Amino acid sequence: MPVLNRRTVLKGAAAVAGAAALGAARVTREDHRVVVIGSGFGGGVTALRLAQAGVPVLVLERGRRWPTGPDAETFPHPTSPDKRIFWLGSAPSLPGLPSLPPFERYTGLLEQVGGQGMSMMCAAGVGGGSLVYQGMTLQPTAELFHACFPEQLDYARMAAEHYPRVAAMLGVETAPDALVESKTYRAARVFARNARAAGYAVEKIPMPIDWDFALRELDGEVKPSYTNGDCALGVNNGGKHSVDVTYLAAAEATGRCTVAALHNVTDVALAPDGRWEIRVDRIDTAGTVLEKKVLTANALVMAAGTANTTRLLMRAGAKGDIPDLPDELGAGWGTNGDRIYTWTNLADDFGAPQGGPVVYGSKEWDDPATANTVIQASLPPLPDLRTTMLVGYGISAGRGRFVYDAAKDDAVLHWPSGADAKLSARIHERISRIAGPLGVLLDTTAVVPSTWHPLGGAAMGAVCDLEGRVLGHRGLYVLDGALMPGTTAACNPSMTIAAVAERALDHLIAEDVDRVF
């Protein structure tokens with residue numbers, strides 16, 4: 001007969017309580033060589049390059065797959081919002097604006113992660129933020145890069161090897177003139193004309209798009225997604241070279257990469273044997289937990305996006321699951337200088353619908369202290385409001401940090417008011433000149449402080465080395481926006497995150513494979 005003591009009684013009670021909490025969900029355990037949390041640019045690059053090097057890799061993605069095609073209705077439409085927009089019903093709260101109607105819980109595309117003074121928009125789905133980003137694929141100059149990043153990154157080599165590698169994988173191209181001159185791209189043409197008249201240089205922005213899809217729309221061959229601006233929440237008809245159909249598809253084709261969708265990571269920890277433990281809920285599209293998993297891996301790559309990578313690591317540190325994490329974890333966070341405006345034009349009628357997503361941009365990159373880029377982006381297919389979108393971003397020294405809140409068991413962003421004030425003033429001046437005296441501007445970022453480009457929290461040089469290795473923790477890596485130093489040098493982040501990851505994987509394959517994992 002087994003001997004009962006206080007410890008066995010307590011363990012038994014804990015097991016019963018745990019079983020009750022889990023309901024019918026099973027608990028399974030798995031061992032892996034490498035686990036990657038997140039399937040955006042950092043996770044996609046990591047998965048492909050490790051798989052090509054012969055390393056089996058498991059990619060965990062909390063969201064679903066979003067397959068597209070000429071007649072697909074996979075993605076939601078901004079003009080008729082439904083449950084597919086928001087992550088598990090988490091519609092954002094917008095101060096001063098009417099509340100959105102409640103939606104049923106669904107593993108939708110976007111989650112607003114709140115903070116003090118600033119909130120972050122985060123993506124969910126296989127492909128991460130590449131599913132919903134506008135697609136500007138910009139490479140900074142050497143001067144701007146070195147003003148923001150450690151010199152040891154060797155921009156010359158990145159410009160010769162890693163940035164071109166990303167451009168080739170994403171198949172970046174600028175919009176053809178035949179498209180730009182078509183009826184629904186009048187807003188883009190007015191922006192370019194006004195910017196040049198204000199004395200600003202204008203150029204086409206490289207995009208990860210097969211523009212033949214948009215040209216086929218003009219011919220009536222496929223249902224519109226580009227030429228009517230119905231692409232802000234994903235492109236239904238195809239042609240967008242997002243991470244799921246480029247890096248991840250190539251990784252899966254090697255036979256050494258498994259992408260596990262609808263796998264929501266709840267905690268990460270250092271296992272007693274020195275490996276890494278990942279606790280995961282396998283969920284359905286309503287968020288119901290179908291299975292509890294405990295995965296153990298020789299190497300863990302955090303690529304869950306700036307907000308979620310930082311929050312997972314800070315929770316692990318605060319609870320002692322990963323001891324001795326660097327003190328600067330959570331610091332060095334920036335907005336990439338984001339400002340989003342509506343521009344109502346009393347001088348020119350933009351027409352409706354507006355073709356998208358982005359054609360032209362204006363770079364002001366001479367002074368690294370306030371270097372910025374301004375672009376025009378289409379509105380969704382709405383009635384003619386004589387209105388379009390203007391977006392600016394650039395280099396700012398403003399930084400916030402995450403602080404662990406024990407009551408919430410979460411790390412919460414703290415952002416100081418006015419941290420981007422100098423850059424914001426310059427962007428506002430430029431946008432005002434482009435809009436002209438008969439332009440009416442609304443700075444939506446001032447009304448609702450929010451960013452689509454959160455960066456930092458586990459920054460290189462403070463928390464990680466240049467290859468994303470977390471300092472003092474063998475086998476733990478950060479390879480996403482959290483690794484960036486709060487800015488990506490007057491460019492939207494995607495291309496630089498991917499290029500930094502490409503460079504890192506060159507080193508990790510040469511130095512860590514078969515030695516660390």
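For the single chain, residues carry numbers from 1 onward in sequence order. What you see is a predicted model; the values in this text were computed from it and never measured.
- There is no side-chain donor-acceptor pair under 3.5 Å between Asn228 and Thr184.
- Remark: the Tyr106 side chain and the Arg64 side chain contain an N/O donor-acceptor pair separated by less than 3.5 Å.
- Looking only at side-chain heavy atoms (C-beta outward), Ile278 and Ile37 come within less than 4.5 Å of each other.
- For the pair His473 (side chain) and Asp324 (backbone), a donor-acceptor distance under 3.5 Å is present.
- Side-chain atoms of Asn372 and Arg426 form no donor-acceptor pair, as typed in the model, at a separation below 3.5 Å.
- Judged by distance alone, with hydrogens and angles left aside, the side-chain atoms of Ser396 form no donor-acceptor pair with the main-chain N or O of Gly337 at under 3.5 Å.
- For the residue pair Thr373/Trp365, the side-chain donor-acceptor check at 3.5 Å is satisfied.
- To the nearest 0.5 Å, atom OG of residue Ser417 and atom CD of residue Gln116 are 13.0 Å apart.
- Aromatic ring orientation, Phe103 versus Phe86: tilted (interplanar angle from 30° to 60°).
- Between Trp211 and Tyr226, the two ring planes are tilted [angle within 30° to 60°].
- From His241, atom NE2 reaches atom CE of Met169 across 11.0 Å, with rounding to the nearest 0.5 Å.
- A donor-acceptor contact shorter than 3.5 Å links the side chain of Lys204 to the backbone of Ala175.
- Under 3.5 Å, the side chains of Thr344 and Thr387 contain a donor-acceptor pair of N or O atoms.
- Proximity of Leu313 to Arg311: side-chain heavy atoms (C-beta onward) are nowhere separated by under 4.5 Å.
- Although no hydrogens or angles enter the test, the distance criterion places no donor-acceptor pair under 3.5 Å between the side chain of Thr137 and the main chain of Met207.
- The side-chain heavy atoms of Met136 and Tyr393, taken from C-beta on, include a pair separated by under 4.5 Å.
- In this structure, Asp348 pairs ionically with Arg193, as a charged nitrogen and a carboxylate oxygen lie closer than 4.0 Å.
- At most 12 heavy atoms of other shown residues, nucleotides or ligands fall within 6.0 angstrom of atom NZ in Lys422.
- Of the residues Leu476, Leu479, Val35, the one that meets the side-chain contact (heavy atoms from CB on, under 4.5 Å) test with Met302 is Leu476.
- Between Ser119 and Gln112, the side chains place a donor N or O and an acceptor N or O closer than 3.5 Å (distance only, hydrogens not considered).
- Formation of a donor-acceptor pair under 3.5 Å by the Thr444 side chain with backbone atoms of Ile340 is found in this model.
- For Tyr404 and Asp410, the side-chain atoms include no donor-acceptor pair closer than 3.5 Å.
- Looking at Tyr155, its side chain does come within 3.5 Å of a backbone N or O of Pro140 through a donor-acceptor pair.
- Atom-to-atom distance recorded for Ser494:OG and Phe41:CZ is 4.5 Å, nearest 0.5 angstrom.
- The closest side-chain heavy-atom distance from Ser450 to Met120 is not below 4.5 Å.
- Using a cutoff of 4.0 Å between basic side-chain nitrogens and carboxylate oxygens, Glu73 and Arg84 are not scored as salt-bridged.
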Run the side chain to side chain contact (heavy atoms under 4.5 Å, CB included) check on Thr487 and Asn336 step by step: do they pass? CA-CA 5 Å; Thr487 179; Asn336 207 39; 3.5 Å; yes
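- In this structure, OG in Ser432 is found 11.5 Å from CD1 in Ile427, a value given to the nearest 0.5 Å.
- To the nearest 0.5 Å, atom OG1 of residue Thr451 and atom CH2 of residue Trp415 are 8.5 Å apart.
- Side-chain contact between Tyr163 and Glu502 is absent, with no heavy-atom pair separated by less than 4.5 Å.
- Judged purely by atom type and a 3.5 angstrom limit, Lys319 has no side-chain atom pairing as donor or acceptor with the backbone of Met314.
- Aromatic ring pairs are classed by plane angle as parallel below 30°, tilted from 30° to 60° and perpendicular above 60°; the pair His428 and Tyr341 is tilted.
- The side-chain heavy atoms of Met460 and Leu153, taken from C-beta on, include a pair separated by under 4.5 Å.
- Distance alone, capped at 3.5 Å, is enough to place a donor-acceptor pair between the Asp465 side chain and the Arg469 backbone.
- The closest donor-acceptor contact from the side chain of Asn236 to the backbone of Thr68 lies at 3.5 Å or more, if one exists at all.
- Using a 4.5 Å heavy-atom cutoff, the side chains of Gln376 and Thr388 are in contact.
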Please test Ser130 against Asp244 for side-chain hydrogen bond (donor to acceptor under 3.5 Å, both in side chains), starting from the C-alpha separation and ending with a verdict. CA-CA 8 Å; Ser130 73; Asp244 54 325; 4.7 Å; no
Pair Leu109-Phe75, side chain to side chain contact (heavy atoms under 4.5 Å, CB included): steps then yes or no: CA-CA 9 Å; Leu109 284 162; Phe75 289 109; 3.8 Å; yes
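- Salt bridge annotation for Arg62-Asp281: absent, with no cationic side-chain nitrogen under 4.0 angstrom from a carboxylate oxygen.
- Annotation: side chain of Phe145 is not in contact with side chain of Gln139 (no heavy-atom distance under 4.5 Å).
- To the nearest 0.5 Å, the span separating CG on Leu233 from CG on Asp82 amounts to 9.5 Å.
- Between the side chains of Ser39 and Glu61, at least one donor N or O lies within less than 3.5 Å of an accepting N or O.
- A salt bridge does not link Asp321 with Arg315: none of the charged nitrogens is closer than 4.0 Å to a carboxylate oxygen.
- Ser225 and Asp230 are not linked by any side-chain donor-acceptor pair at a separation below 3.5 angstrom, with hydrogens and angles left out of the test.
- For Glu364, the CD atom sits in a packed shell: over 12 heavy atoms of surrounding residues, nucleotides or ligands are nearer than 6.0 Å.
- Aromatic pair Trp343/Phe191: centroids not less than 6.0 angstrom apart.
- Between the side chain of Asp480 and the backbone N or O of Ala304 there is at least one donor-acceptor pair closer than 3.5 Å.
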